[in-house]
Amino acid sequence: MTLIPKTPRAAFAVLFAGAVGLVGVGLVIGEWMRLNPCPLCIFQRVLYLAVGVWALGGVVLPQARKFWGILIALTSAGGMATAIYQTWMQLYPESARQCGTGEMNLIERLVDWLGMQWPFMFMATGFCTSKEYILGLTMANWSIICFFVFLVLGLWVGLGRRFEKRRFRFR
């Protein structure tokens, strides 16, 4: 028995389950540890959900696997960049402009709007420089790893030769 999906549809289903599962795990850990998510945390949650939507698109329409795979990779790259920025903020809080202070940027406005629509899922109540460790890493550190995995898997499913139809030639 192999754990590697045999079809693009199965691979996208695994990506969908992983992305939605991470959002669920984040919500549970947040409640369990009484964490207050910051605007960047919530934005990363939105990007995980976007990865899940793109993966669901791949489940429904696997013929466009390159399109869905590239969307997953690009969204994951954005999530990784956001998590790296948040990690930098956590390492150098004196150099960082705190989220939620001063003029709101585009991400903060989006998170604020989403928080008004669905507070349980998207309300940002914490500070981006706060550090709570889980198994030796902050949530932002874990997010870097998870988004990197999604980026690689998105490229693998979208551009990998594994899922190309084999054509046999007779001489």
Side-chain angles (χ1 to χ4, degrees), residues 1-31 37-88 105-124 134-135 137-171:
M1 181 177 158
T2 180
L3 295 176
I4 299 172
K6 297 196 183 306
T7 65
R9 179 172 276 144
F12 283 122
V14 169
L15 284 167
F16 172 76
V20 172
L22 281 174
V23 171
V25 166
L27 288 169
V28 169
I29 288 173
E31 287 296 316
C38 70
L40 290 179
C41 298
I42 297 296
F43 185 64
Q44 290 169 63
R45 186 176 293 171
V46 170
L47 293 176
Y48 281 122
L49 291 172
V51 166
V53 168
W54 308 146
L56 188 59
V59 170
V60 173
L61 199 67
Q63 301 85 342
R65 71 180 176 92
K66 289 181 182 177
F67 174 74
W68 299 118
I70 289 171
L71 272 179
I72 289 169
L74 289 173
T75 304
S76 298
M80 213 168 106
T82 304
I84 288 169
Y85 176 63
Q86 184 177 1
T87 297
W88 174 81
N105 63 31
L106 184 62
I107 290 174
E108 291 171 327
R109 283 190 292 222
L110 171 68
V111 167
D112 186 53
W113 181 81
L114 287 170
M116 296 298 174
Q117 307 309 310
W118 195 2
F120 173 74
M121 186 74 148
F122 298 115
M123 183 62 72
I134 300 165
L135 300 175
L137 298 174
T138 66
M139 290 288 267
N141 300 150
W142 283 110
S143 221
I144 293 169
I145 295 166
C146 293
F147 276 121
F148 177 76
V149 169
F150 282 128
L151 187 148
V152 169
L153 291 177
L155 291 174
W156 176 71
V157 175
L159 304 176
R161 299 191 66 156
R162 173 180 177 77
F163 299 115
E164 289 181 6
K165 293 188 179 191
R166 310 270 190 237
R167 294 193 178 119
F168 296 99
R169 289 187 179 171
F170 295 100
R171 292 183 188 199

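For the residue pair Pro39 and Ile107, the shortest heavy atom distance occurs at O-CG2, 4.5 Å. Nearest heavy-atom pair, Val51 versus Ser76, reported as atom, atom and distance to 0.1 Å: CG2-OG, 3.7 Å. Nearest heavy atoms, Pro5 versus Val14: CG-CG2, 4.3 Å. Between Val59 and Ala13, the shortest heavy-atom distance links the atoms CG2-N, 3.4 Å.
Residues Phe122 and Val111 are not in side-chain contact: their nearest non-hydrogen atoms beyond the backbone lie 4.5 Å or more apart. Side chains of Arg65 and Trp68 form no contact here, defined as non-hydrogen atoms less than 4.5 Å apart. Two residues are said to be in side-chain contact when any heavy atoms from C-beta on lie closer than 4.5 Å; Thr7 and Pro62 fail this criterion. The closest side-chain heavy-atom distance from Leu135 to Trp142 is below 4.5 Å. Inter-residue side-chain proximity for Leu22 and Arg45 is flagged as unmet; no heavy-atom pair is nearer than 4.5 Å. With a 4.5 Å cut-off on side-chain heavy atoms, Val25 and Ile29 count as touching. Between Ile72 and Leu155, every side-chain heavy-atom pair lies at or beyond the 4.5 Å cut-off.
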Leu71 and Val53: CA distance, side-chain angles, deciding distance, side-chain contact (heavy atoms from CB on, under 4.5 Å) verdict: CA-CA 10 Å; Leu71 272 179; Val53 168; over 6 Å; no

- prompt: Should Phe120 and Glu31 be marked as a side-chain contact (heavy atoms from CB on, under 4.5 Å) after you check the CA-CA gap, both sets of side-chain angles, and the distance that decides it?
  reply: CA-CA 10 Å; Phe120 173 74; Glu31 287 296 316; 4.1 Å; yes

message: Is there a side-chain contact (heavy atoms from CB on, under 4.5 Å) between Val157 and Phe12? Walk through the geometry before answering.
response: CA-CA 8 Å; Val157 175; Phe12 283 122; 3.4 Å; yes

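Atom CD1 of residue Ile84 and atom CZ of residue Phe148 lie 10.5 Å apart, to the nearest 0.5 angstrom. Rounding to the nearest 0.5 Å places CH2 of Trp156 at 14.5 Å from CG of Leu151. Within the model, atoms CH2 of Trp118 and CE of Met121 stand 4.5 Å from one another, a figure rounded to the nearest 0.5 Å.
Under the 30°/60° scheme for interplanar angles, the aromatic rings of Trp88 and Tyr85 are found to lie parallel.
Remark: Leu74 engages Ile70 in a side chain to side chain contact (heavy atoms under 4.5 Å, CB included) (not counting sequence neighbours). Phe147 pairs by the ring-ring contact (aromatic ring centres under 6.0 Å, His included) definition with Tyr48, not counting sequence neighbours. Under the rule for a side-chain hydrogen bond (donor to acceptor under 3.5 Å, both in side chains), the partners of Gln44 that lie at least two apart in sequence or sit in another chain are Gln86, Ser143.
In terms of modelled atom types and a separation under 3.5 Å, the side chain of Asp112 and the main chain of Arg109 share no donor-acceptor contact.
The side-chain contact (heavy atoms from CB on, under 4.5 Å) with Thr82 is formed by just one residue from the set Leu40, Val46, Ile144, Thr87; it is Leu40.
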